[in-house]
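What follows is a short report on a single structure.
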Amino acid sequence: MKTKIKIILLIFLTISTISCVRDVKSLKDKAAGIFVDLDTIKFQPSVEDLFKQIEIIPLETTSESIIEYSGSLKYQAYNEKFYVLSPKQNKLIVFDSKGNFIKSINKTGNGPGEYRMIYDFEISRFDGRLNLMTPYGKVLIYDSDGEKFIESFSLPDSIRAVHHFKILNKDTYVFNSDSENIDLFFYSKSKNEVVSSLSTLPNFLMSTPFNFGPSPFSYYNDSLRYHMGYDGSLYNIDFNDFSLNKRYFLDFGKHNFILSDLPLNRSALFYWEYSKSIANKIATGFVGFFETDNYLITRFRYKNEFYALFYNKIDDKLQITFKTKEGVELMFSFMENDIIYGVIPAEFAHLFVNDKVVSVENFEKLQKLTSDSNLLMIKYVLK
Amino acid sequence: MKKILTTILLSIIFFIADSGSTKAQTLPGSCPEGMAWDPDIFFCVILEDPAVITCDSGSSGYCFELKFTNNSNLYCPWDCFWTGKANDYCNRFYAILLNFCVSLGKDNYEN
């Protein structure tokens, strides 16, 4: 009897080990490269191939809720509400899940709990508190309604500017700077110090069209991912030793962006012109990565257009599109609970939504929009 | 005509932007306060001791840098961003002009 149990246990252990080895091998394979052949891939999947449903959510237009569209807007969906941070307007604007305006939070000033500029925010998934970040390295923490100021902390003066942040746990925050040589900082609130820092990008690359995403961070379940934007690498941030480990690499072969090919230390305008000169050959300017259990999704610039890439993690299938079969482009701005939201100015709605991809009811909502309407959210429910 | 106008405007802007190592970006005759146009290097130079420059409190000026921010092909990719470095200067008017040129010249770089 004991022998039988031993044999069963042995078989079970062997199967488990093989399974684990396969998983590790699979991870290593994906970090080594998911080959994307831009020369042969089918470029026009149907919306039905990618999404269960597309809906539109027009954000209410009032004098207080109107949002100036720019590439620096930040978003979060939390507790059935949409939060949109507009650095240009110095305020956080809150809508309900149907796009009705709830309130705006504007703490401009020089007193406690006030700021002169604001570049990023996050409602903590640990305690529900609203965190607002100034570009000069101060984080102001309020209650979940953003009404009551609770506390603040500042990064050391040696860090002159930060542009993005995420909350790793109740104590640790990670900051990214688009202008400092050391561009990734891990800060402990309890120790009141930077506990680790990394240099991930050459300074000259930070203001160029090769690295211009609204944020280098993205969540996948409890993991935090980081991307640099110029190529298809996606890293996982290790919360224990604050290191970056490559999790995926989208390998475009001869169309890969090679950092060492880039002329050094020129102006932002030079790199903009340069990006246009290589646009037909190189896939670069990766804007956001969105990861679910089934998909890895990103947008990148190629041939002066933005292409959306869908990598199915289960069957390794790749789909890439500039425009779907139905003739719409795809815009991805943020993701919450495996639903991706795209945010666009209403006047460009016709490029992203038409009667072939939304319900009659949704299309009627679309037809009521004018060029003076507030921003439009497009809700993509993944398959 | 539109293409010619755009090309001329963009050429002027790029020449100015690339002609010096300083990051102060401006147009002839429109130097910010504390700077003067130097025709020899075709750029604005700082009149006072750079050490006395303090950061501007608005959304552009000293301690700001021109940055490409676009995540779509819609419009307005250029903007001024805080760097905290007193040597950096970003002129909001310049960013607006640049966005205007990008919008006008869009057909120049399409496929």
Side-chain angles (χ1 to χ4, degrees), chain A residues 68-73 87-88 90 116-117 119 134-137 157 159-163 177-180 206-214 265-273 275-277 279-280 285 287-288 299 301 303-306 329 331-333 342-345 347-348 351-352, chain B residues 7 9-25 43 55-88 90 92 94-99 101-102 105-111:
Chain A
E68 187 180 346
Y69 184 76
S70 81
S72 56
L73 294 174
K88 278 187 179 179
N90 242 11
R116 285 187 289 123
M117 283 185 286
Y119 271 29
T134 72
Y136 33 91
D157 289 343
I159 300 168
R160 290 163 293 188
V162 285
H163 301 89
S177 172
D178 286 343
S179 55
E180 296 286 336
M206 293 178 182
S207 56
T208 68
F210 307 109
N211 164 48
F212 57 83
N265 298 319
R266 305 296 293 271
S267 72
L269 291 173
F270 169 85
Y271 289 118
W272 182 53
E273 278 295 287
S275 76
K276 288 190 286 178
S277 74
N280 286 332
V287 187
R299 288 168 70 241
R301 199 171 168 87
K303 294 190 173 180
N304 286 318
E305 301 291 0
F306 281 93
E329 297 177 38
M331 169 63 87
F332 305 139
S333 304
V343 184
I344 54 163
E347 64 194 283
F348 293 107
L351 297 174
F352 298 89
Chain B
T7 308
L9 275 170
L10 283 174
S11 303
I12 292 168
I13 290 169
F14 294 156
F15 179 71
I16 294 165
D18 277 339
S19 61
S21 59
T22 171
K23 289 184 176 179
Q25 292 135 344
F43 225 96
C55 294
D56 282 304
S57 58
S59 55
S60 64
Y62 288 110
C63 300
F64 288 84
E65 185 180 41
L66 186 69
K67 188 176 185 300
F68 190 89
T69 63
N70 199 14
N71 59 5
S72 64
N73 270 344
L74 303 181
Y75 58 94
C76 298
W78 296 98
D79 206 348
C80 296
F81 273 77
W82 173 264
T83 65
K85 299 173 187 172
N87 286 334
D88 286 347
C90 179
R92 169 74 72 185
Y94 178 82
I96 292 169
L97 184 67
L98 202 55
N99 284 324
C101 291
V102 168
K106 193 173 185 299
D107 56 352
N108 281 359
Y109 60 89
E110 280 180 347
N111 298 332

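Side chains included, hydrogens not; waters and symmetry mates left out as well; all remaining heavy atoms used. All values reported here derive from a predicted model rather than from experimental measurement. Every chain is numbered from 1, with letters handed out A, B, ... down the list of sequences.
More than 12 heavy atoms of other residues, nucleotides or ligands lie within 6.0 Å of CG in A:N265, so this atom counts as buried by the packing criterion.
Rounded to the nearest 0.5 Å, atoms NZ (B:K67) and OG1 (A:T208) are 8.0 Å apart. In this structure, the separation between CG on A:L269 and CH2 on B:W78 is 4.5 Å, given to the nearest 0.5 Å. With rounding to the nearest 0.5 angstrom, the CG atom of B:D88 is 7.5 Å from the OG atom of A:S179.
Chain B forms more heavy-atom pairs under 4.5 Å with one residue of A:S177, A:P135, A:A279 than with any other, namely A:P135.
Of the two parts of A:F352, only the side chain, counted from C-beta on, holds a non-hydrogen atom closer than 4.5 Å to a non-hydrogen atom of chain B. For A:L351, the part lying under 4.5 angstrom from a heavy atom of chain B is the side chain only.
Residues passing the side chain to side chain donor-acceptor pair (under 3.5 Å) test with A:R116, sequence neighbours excluded: none. Applying the salt bridge (Lys or Arg N to Asp or Glu O under 4.0 Å) test to B:D79 and every residue at least two apart in sequence or in another chain returns A:K88, B:R92.
Between B:W82 and A:Y136, the ring planes are perpendicular. Angles over 60° get that label, and only those under 30° would be called parallel.
Contact record, B:G84 with A:A161: N-CB, 4.3 Å, taken as the closest heavy-atom pair.
Side-chain contact between A:Y119 and B:F81: present, with at least one pair of heavy atoms (C-beta onward) separated by less than 4.5 Å.
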